[in-house]
Amino acid sequence: MAHVVQRMDQPSNYKDSQNRSMDRSTQQDLLTKSTTLYIGNLSFYTTEEQIYELFSKCASPEDGGGIKRIIMGLDRNTRTPCGFCFVEYYTHAEALASLKYVSGTKLDERIIRCDLDLGYAEGRQFGRGRSGGQVRDEHRQDYDPGRGGWGAQAQRLEIERRREVEERYADAREGPGAVAGGGEEWKQVESSADSTLKRGRSPEDEGDNERNMHRSRLEDVDTDRM
């Protein structure tokens, strides 16, 4: 059965695309001694403490091993977690144990992937995508709430679409035949129209009122006399 079932504690065909100065055979030789794991498909919300708790299950501190350090992958622009990390052990055996028992398990409701790595170097903690995160999230078309929602390219297209809609709406309001923008403008028009329909009081109106009041008093006096 050994030739049928693939061993889980062997490195995959993963190759760092940025490391072009080393041929494939040399990389394979170094991976057989590597103490570092690359962890992928993490949630953006997974903490370093959660990663330590999971991967320390394969550590052997009684044999002089243990987790040496964890380097969280960060978005190049925002400096926030972007879904990967490096776990560095003290021994190669611990790295192999994690590769065998932890890779393919769930962390934060996500199936994580582990692979032996040539070793962390400064600068590798940052995403290489155009938007600052990982390349895999740059062109992703599905919605993944654990990795920032839609892919970066899809988000840019949505922002551009909304901007075009807003610009068309602004042109429609300001161009010929535009519709009035709010109720207050109509109220002002109505009040000005009402003011033009009402006639102001004249001196003749005041005189007529006084004569009518005088006539009413005379009629009252005549009624009392009768």
Side-chain angles (χ1 to χ4, degrees), residues 1-129 132-137 144-148:
M1 293 293 290
H3 67 284
V4 177
V5 180
Q6 183 180 3
R7 292 184 58 178
M8 299 296 294
D9 58 351
Q10 295 297 311
S12 71
N13 292 324
Y14 166 77
K15 181 178 183 296
D16 183 6
S17 61
Q18 299 296 310
N19 192 344
R20 299 185 178 89
S21 60
M22 192 180 301
D23 58 44
R24 186 66 177 176
S25 61
T26 304
Q27 286 198 29
Q28 289 295 335
D29 290 340
L30 292 175
L31 288 175
T32 59
K33 305 173 185 177
S34 174
T35 61
T36 303
L37 289 175
Y38 173 89
I39 318 301
N41 200 40
L42 292 173
S43 167
F44 287 5
Y45 306 102
T46 298
T47 65
E48 184 174 336
E49 289 76 15
Q50 290 175 283
I51 296 170
Y52 183 89
E53 181 180 359
L54 176 61
F55 283 87
S56 62
K57 297 181 184 302
C58 294
S60 305
E62 65 278 3
D63 296 329
I67 294 178
K68 185 177 182 180
R69 60 176 175 170
I70 296 174
I71 300 97
M72 298 296 292
L74 302 176
D75 185 289
R76 188 175 61 254
N77 300 324
T78 63
R79 297 300 195 266
T80 55
C82 65
F84 72 98
C85 74
F86 297 93
V87 176
E88 186 175 338
Y89 287 97
Y90 281 100
T91 67
H92 177 66
E94 292 171 309
L96 286 181
S98 288
L99 186 64
K100 182 177 181 179
Y101 296 112
V102 179
S103 184
T105 61
K106 273 190 175 183
L107 178 60
D108 257 359
E109 299 303 317
R110 301 184 68 85
I111 303 297
I112 61 173
R113 299 188 302 269
C114 308
D115 213 332
L116 287 175
D117 190 84
L118 293 174
Y120 170 75
E122 184 62 32
R124 292 191 64 197
Q125 74 271 36
F126 298 123
R128 298 170 180 172
Q134 286 193 277
V135 176
R136 60 165 292 198
D137 291 314
D144 190 340
R147 296 184 69 89

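Remember, predicted model here, so these are calculated numbers, not experimental data.
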Could you walk me through whether Phe86 and Ile39 satisfy the side-chain contact (heavy atoms from CB on, under 4.5 Å) test, starting with their C-alpha distance in whole Å, then the side-chain angles of each, then the deciding distance to 0.1 Å, before giving a yes or no?
CA-CA 6 Å; Phe86 297 93; Ile39 318 301; over 6 Å; no
Apply side-chain contact (heavy atoms from CB on, under 4.5 Å) to residues Ile71 and Arg124 and explain how you reach the verdict. CA-CA 9 Å; Ile71 300 97; Arg124 292 191 64 197; over 6 Å; no
Gap separating the [atom1] atom of [X] from the [atom2] atom of [Y], nearest 0.5 angstrom:
| X | Y | atom1 | atom2 | value |
| --- | --- | --- | --- | --- |
| Leu42 | Ile51 | CG | CD1 | 5.0 Å |
| Arg69 | Glu88 | CZ | CD | 4.5 Å |
| Leu31 | Thr26 | CG | OG1 | 11.0 Å |
| Ile112 | Thr105 | CD1 | OG1 | 4.5 Å |
| Leu96 | Thr91 | CG | OG1 | 8.5 Å |
| Leu118 | Gln28 | CG | CD | 9.0 Å |

Closest approach of [X] to [Y] (non-hydrogen atoms, all atoms of both residues):
| X | Y | result |
| --- | --- | --- |
| Val102 | Cys58 | CG2-SG, 3.7 Å |
| Asn41 | Arg136 | OD1-NH1, 3.0 Å |
| Ala59 | Gly66 | CB-CA, 3.7 Å |
| Ser60 | Glu94 | N-OE2, 2.6 Å |
| Ser98 | Leu37 | CB-CD1, 3.3 Å |
| Gln125 | Met72 | CB-O, 3.8 Å |

Hey, does the side chain of [X] reach the backbone of [Y] with a donor-acceptor pair shorter than 3.5 angstrom?
| X | Y | answer |
| --- | --- | --- |
| His92 | Thr35 | no |
| Thr47 | Gln50 | yes |
| Ser103 | Cys114 | yes |
| Tyr52 | Ile67 | no |

Looking at Asp144 and Arg110, does any basic side-chain N land under 4.0 Å from a carboxylate oxygen? yes
Please work out which of the three classes, parallel, tilted or perpendicular, describes the rings of Phe84 and Tyr38, given edges at 30° and 60°.
parallel
*How far apart are the C-alpha atoms of Leu116 and Thr32, what are their side-chain angles, what is the distance that settles it, and do they pass the side-chain contact (heavy atoms from CB on, under 4.5 Å) test?*
CA-CA 9 Å; Leu116 287 175; Thr32 59; over 6 Å; no
| said: Is it true that, when you exclude Glu62 itself, more than 12 heavy atoms of the residues, nucleotides or ligands shown sit nearer than 6.0 Å to its CD? | reply: yes
